[in-house]
Amino acid sequence: MSDQDVQRDAISGARILVGDMLMWSDLETLETPLAVREVVRTAIAAQRPRRVLLAGPRAGLLVDAVPTDVRVDLLVRALPDARILGDRAGLHESSDLYCGGLDVFAPGHTYDLIVALGGPGRLLGPDSQGLTEAETVARLAALLDDGGRLVVDLANEMGFTDLVSALPDETLESDAGWYVGAAGFSPRHVFARERAAVLEAQGLHSEATFAALPSVDHHSLLVRDDAVQHERVRDRVGVRAGQAMDEHFSTTPMLREPRAVLQRIVDAGMLDELAPAWVVLATKGAAAGEVPSYPAIVSAERETDNPWSTVAVVSEDDTETLSWARPRGDDEISEGKLSRTLVPSYGGRSFELELRQACATRRHAAIRGRVRRYAAWLADPSVWTTQTAERRYFATPANTLVQGDRLTMADASWRRTGIVSAEDALVRGLRDFSRRLLASGSPHPWRPSVTPDELTVTLASMTGLTVTHAAIARVARVEAEVASTIAGRPEDLDELLSRNLEQGEFARDLPAPDEVGFRELLTRHRVISRELREKQGQVAWLEGTLRHRDRYIRRLEKVIERYEDTLTYRAVEALRAPRRIATEKAVSVAKSTAQEALPPGAMNKARQLAARVLK
């Protein structure tokens, strides 16, 4: 490429290549890949690179993970993103920015480390030549030094999210899906059995492969492919994967509830085959030296700009390290009554999943046993001492693990000043579980029109606790206070409280399409249809009874009409008329005579006297 073919952006100094997008920004919908950042840091610590390429907008956000004395190049397709990332890369001794497609990217040198995220859909623009995922890996491998390391993500054509989602990829309905069906692009993603061949064809030796959840553009959870072989680590995967799915599918219609499906996939050891995407670390040529000790699990909370968010790294020996998403020296953050400390979590089976499975059996005895166990744990003074009682508010079923014959908190990093009673903690936990259970359309033995607050009362009554409206309002206010503090908007307290109370008061028999699995919705539809048929039968019986009574009334009216037509009835009516007229005339004459006989004003005085007596 000659100098005449290269243009530079006057603001950022980025070199403009073919495939640039002047009025488009990928970073508007993408967040920093915190989980991949931990993996990249491990790779850099194991072998310090001389020159690094960050390809793609999400990879560009990792420029802070590269030491400032290392040369780094950034390649993005959108000019606004190049300007934003150029500011973040300003602390590095030497950095070059390129705006355009990977297909024409030719920097004239190679790299020791390449991080490429997003695949062809994020690395190429509308004016670029289409590339398949295998061709994309080939072009990246050509830019890599011998012994250099490549970090790349690949989408899985058989990802389980596509199997449970009721809608195709949302990018297909937006401008971001322009590449679908375009010339040169592959009509499908890679299968698990094809992944190794794609790497080996370019002389790449795989060091580690991570299952990436919940999607190729938002993998906040990374699980190394051999991690699920260890039972304790596998239990951690199930809990954290469920949390990742909760966040991702909160606005996506589903064919079925994904938590149970994901737990089965993890238990079967098939997460690698059915993960939505993979993050692959590979070296070019023969393996150079010892392979770095990559983490077994990396879990990052989604809100990367929130100061309360954390990143958890679990090693092979089940040791967890917790850090802030926005690095800072202090290991504690507090505001108002809320505080959070970097306390590692524990492994175990999700108690909420067990409670959901008990509800699915529709056996009240099974549900009652688990609810009573949960209530006894919340009231156990040996568990909730003066040092730990401030955490009890956060011990919801979703944040509770089963470890053998005891319960424990999954995330014990949160505290709230002021000890919440065991009764209020139980109401809060059951109410949170009821909302999640009904919102997901999961099976349960109660009527379809039950509200979360009504279900909370039912579950609490199994422990002998009577839940009042005052208790629900008290718990809802605490939840609203915590939510407003985490969001950094205390002025929204009243709005959050109103929304919280509304979520518990209204039935979920007709849930929103983005809050229920389609299979569960069909089950609920069958239950409602059966009840509707029963009501229709009752209405038909009542209508028949009304028609019978209408016929009986019509017969009585005809009998009355026949009596009125008889001679006897007319004769009696004729005799009654003169008597009525004579009576009325006699009464009128008596009134006139009395008025003439009494002195003037006597009638008015009599009326006033009668009024006083009646009072």
Side-chain angles (χ1 to χ4, degrees), residues 31 242-254 257-259 301-309 335-340 352 356 392-399 411 414-418 420-421 423-442 444 446-460 467-517 520-521 524:
E31 295 181 344
Q243 295 172 350
M245 293 299 101
D246 284 345
E247 296 176 353
H248 182 68
F249 291 127
S250 60
T251 58
T252 304
M254 304 300 298
E257 206 282 316
R259 298 178 191 89
E301 296 177 353
R302 285 289 298 273
E303 297 184 5
T304 58
D305 294 332
N306 193 312
W308 300 89
S309 298
E335 182 175 346
K337 297 181 179 180
L338 193 65
S339 64
R340 191 177 193 185
E352 179 182 347
R356 283 174 177 267
R392 182 162 51 187
Y393 165 80
F394 300 97
T396 61
N399 193 33
D411 182 3
W414 294 91
R415 284 179 177 269
R416 180 183 177 275
T417 303
V420 176
S421 66
E423 290 78 9
D424 284 356
L426 178 62
V427 172
R428 196 257 167 160
L430 295 180
R431 191 166 181 261
D432 179 76
F433 171 75
S434 300
R435 283 197 303 253
R436 293 161 61 86
L437 178 74
L438 299 179
S440 64
S442 298
H444 58 76
W446 299 281
R447 71 180 193 278
S449 59
V450 66
T451 67
D453 286 349
E454 290 173 345
L455 184 53
T456 301
V457 173
T458 301
L459 294 174
V467 178
T468 63
H469 292 292
I472 291 178
R474 186 167 58 249
V475 169
R477 184 164 190 85
V478 175
E479 288 183 339
E481 289 177 356
V482 172
S484 63
T485 302
I486 294 176
R489 300 184 61 86
E491 65 274 10
D492 293 343
L493 174 60
D494 293 338
E495 180 182 352
L496 292 174
L497 176 58
S498 177
R499 187 184 307 168
N500 188 297
L501 293 172
E502 181 181 355
Q503 289 175 347
E505 292 174 352
F506 289 93
R508 308 304 294 270
D509 55 327
L510 292 176
D514 60 346
E515 294 175 327
V516 68
E520 288 76 15
L521 185 59
R524 185 168 295 185

Worksheet item: Which atom pair, heavy atoms only, marks the closest approach of Val467 to Ala460?
Response: CG2-CB, 3.3 Å
Discussion item. Looking at Ile472, is its backbone amide N or carbonyl O close enough to the side chain of Arg431 to form a donor-acceptor pair, meaning the two atoms are under 3.5 Å apart?
Written reply: no
Item to complete: Check the pair Thr451 / Glu505 against side chain to side chain contact (heavy atoms under 4.5 Å, CB included), numbers first and verdict last.
Response: CA-CA 6 Å; Thr451 67; Glu505 292 174 352; over 6 Å; no
Worksheet, complete the sentence: Heavy-atom nearest pair, Glu481 first then Leu493, reads N-CD1, 3.6 Å
Worksheet item: Which distance, rounded to the nearest 0.5 Å, do you find between the CG of Leu497 and the CZ of Arg499?
Response: 11.0 Å
Discussion item. Ignoring hydrogens, what is the shortest heavy-atom contact between Thr485 and Glu335? Give both atom names and the distance.
Written reply: CG2-O, 3.6 Å
Worksheet entry | Distance, nearest 0.5 Å, that separates CZ of Arg428 from OG of Ser421 | 13.5 Å
Worksheet entry | Closest heavy-atom pair and its distance - Ile486, Trp308 | O-CD1, 3.5 Å
Practice prompt. Dump the intermediate steps for salt bridge (charged side-chain N to carboxylate O under 4.0 Å, His left out) on Glu479 and Arg435, then the final yes or no.
Written response: CA-CA 13 Å; Glu479 288 183 339; Arg435 283 197 303 253; 3.6 Å; yes
Worksheet item: Rounded to the nearest 0.5 Å, how far does CZ of Phe394 lie from CG of Asn399?
Response: 9.5 Å
Fill in: Derivation and outcome, side chain to side chain contact (heavy atoms under 4.5 Å, CB included), residues Tyr393 and Val482
CA-CA 10 Å; Tyr393 165 80; Val482 172; 3.8 Å; yes
Worksheet item: Quick one: are Arg392 and Val420 in side-chain contact, heavy atoms under 4.5 Å?
Response: no
Discussion item. Under a 3.5 Å distance rule, please check whether Asp492 uses its side chain to pair with a backbone N or O of Ser484 as donor and acceptor.
Written reply: no
Practice prompt. Please round to the nearest 0.5 Å and tell me the distance separating atom OG1 of Thr396 and atom CG of Asp432.
Written response: 5.0 Å
Discussion item. For Arg447, is the CZ atom crowded, meaning more than 12 foreign heavy atoms sit under 6.0 Å from it?
Written reply: yes
Item to complete: Please report the shortest heavy-atom distance between Thr456 and Ser434, naming the atom on each side.
Response: OG1-OG, 3.6 Å
Practice prompt. Apply side chain to side chain contact (heavy atoms under 4.5 Å, CB included) to the pair Arg474 and Asp424, showing each step before the final yes or no.
Written response: CA-CA 8 Å; Arg474 186 167 58 249; Asp424 284 356; 2.9 Å; yes
Item to complete: Can you measure from CD (Glu301) to CG (Asp411) and round to the nearest 0.5 angstrom?
Response: 7.0 Å
Practice prompt. Show your reasoning for whether side chain to side chain contact (heavy atoms under 4.5 Å, CB included) applies to Arg416 and Val478.
Written response: CA-CA 10 Å; Arg416 180 183 177 275; Val478 175; 3.4 Å; yes
Response to the item:
Between Leu437 and His444, the two heavy atoms sitting closest are CD2-CB, 4.2 Å
Worksheet item: How far does CG of Asp453 sit from CD of Gln503, to the nearest 0.5 angstrom?
Response: 10.5 Å
